[in-house]
Amino acid sequence: MKVCKFGGTSMATAESIRQIETIIQSDSQRKYVVVSAPGKRFKGDTKVTDLLYAANAEKEQFGIAGDSIEEIRERFVALANELNLELDMDCYIDKVEEGINCAKTADFAASRGEYLAAILLAEKLGYRFIDAADIIKFKVDGTFDADSTNDLVKELKSIATGIVIPGFYGSLPDNTIKTFSRGGSDITGAIIARGVGATVYENWTDVNGFMITDPTIVKDSKQMEVLSYEELRELSYMGASVLHPDSIFPIKEDGIPINIRNTFEPENKGTLIIADTSEYPKASVVTGIAGRKGNTTISLKKAMMNSELGFGRRVLSVLERYGISFEHMPTGIDTMSIVITEKGLNGIEQAVINDIKNKVAPDNIEVIHSLALIAVVGHGMANQMGTAAKIFAALYEAGINVRMIDQGSSEMNIIIGVEEKDYENAIKAIYYAFFG
Ligand code: ASP
């Protein structure tokens, strides 16, 4: 059986919902459906989830949710009408409005987009609606309760009909609603896939899959046909945003493949994400190139650092005290650099620097702002000579100065730091070096 998760753009219009129906009806294996709230219908439009957060903010400011609720009402009522559904959407929206107005949480408000979308889609497909609050469980401390959830999800297998489940949320032990982070319906899909033992987790979105690199930078970037869970983790952490980076955790152990598919181009095979890609022919040792701007590097130098016991620990304890998690930490014999997101250092940079100075008395401490990180990812790189040489030759030829290099110990990943002004050109140079 297959689990199909449909994203916000797939739920945005009556036409796209009809398209979902065609996809579901074309394969009887597509029994479990997870949905996002309706997303943007056009450039500049607002996602229903954002309208719901706005409605909650209105309630907090004025004591009552206002315009945003009316906008949500219009959208859902129009969808139900255009799809000729006999659903009293007004009545459902009244209940949502009531819930928001009677001081439920922001998570409750945000979750209602998925809730309403699932009710609507279940009606359209003739599938049964199952509320995520009944099967996706969080612990008292707010962390996801994988074991209880899995036991509850397993029970879905005894239901004979198709099922539609809202993504993005679940419930705490006291039954209040709790959401995952933004884009979290992808995680719900993965959880359901694990629980029902799906043969594949199809993640239907509005692109054909993962592109080898950001298509807004390399317009003709090719599509990845297959990549591994680990490669996905590296690439999505570094900014490739097709799938929520936490989506692989629930299904990794059971080796359930994820297939990214395009609702608007269903004949495209999309991108397949599996545990082991070694059997698949590869066009290049590099699987993908991703990156992001907005990083700061703190570089420390101290003579004999290599033999000073506890140096690294003391530096990292400063970061821990300020609640900063670092991105990378390339080290030399007497040097240590820590890469941190600019956001992570916002407002506390000077305090952190002073504290590090106090703790380890470096000979020199340098802070480099506006660093862009680029990850070149691919399992094949480990046993292929010359990959790094090719990357750096391409950057040299493009006149790009490399500020930092870090190779993960798994050798499936080379991280390069360049100045933000060079970011786009660096991505292009590396892409064309490998994919011509
Ligand atoms: N609707 C939520 C969001 O916009 C969750 C999701 O779409 O996955 O973040």
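As a basis for the values below, the full set of heavy atoms in this structure was taken, side chains included, without hydrogen atoms, waters or symmetry mates. Quick note: residue numbers are just sequence positions, from 1. Everything quoted here is computed from the prediction, not taken from an experiment. When a ligand or atom number is given, it counts from 1 through the structure's own listing order.
At a 3.5 angstrom cut-off on N or O pairs, Gly183 counts as close to ligand 1. Checking only distances, Lys5 never comes within under 3.5 Å of ligand 1, N or O to N or O. Residue Arg182 places at least one N or O, backbone or side chain, under 3.5 Å from an N or O of ligand 1.
Ring geometry, Phe138 versus Phe180: the interplanar angle falls from 30° to 60°, so the pair is classed tilted.
Contacts of His244 with ligand 1, taken as heavy-atom pairs under 4.0 Å, are absent altogether.
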Set out, in order, the CA-CA distance, both residues' side-chain angles and the distance that settles side-chain contact (heavy atoms from CB on, under 4.5 Å) for Ile298 and Ile340, then state yes or no. CA-CA 8 Å; Ile298 302 175; Ile340 301 164; 3.9 Å; yes

If you apply the rule side-chain contact (heavy atoms from CB on, under 4.5 Å), what do you find for Arg112 with Ile177, and how did you get there? CA-CA 10 Å; Arg112 295 303 88 183; Ile177 297 292; 3.8 Å; yes

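Closest heavy-atom contact between Glu349 and Val367: OE2-CG1, 3.6 Å.
Of the inter-residue distances, the one linking Ile192 atom CD1 with Ile163 atom CD1 reads 8.5 Å to the nearest 0.5 angstrom.
Using a 4.5 Å heavy-atom threshold, the side chains of Glu58 and Ile64 count as separate.
If you number the atoms of ligand 1 from 1 as listed, the ones under 4.0 Å from a heavy atom of Ser185 come out as 5 (C), 6 (C), 7 (O), 8 (O).
Of all protein heavy atoms, the one lying nearest to atom 5 (C) of ligand 1 is Glu114 OE2, 3.3 Å. Looking only at protein heavy atoms, the nearest one to atom 7 (O) of ligand 1 is Ser36 OG, 3.0 Å.
Within the structure, ligand 1 lacks Gly167 among the residues with a heavy atom less than 4.0 angstrom away.
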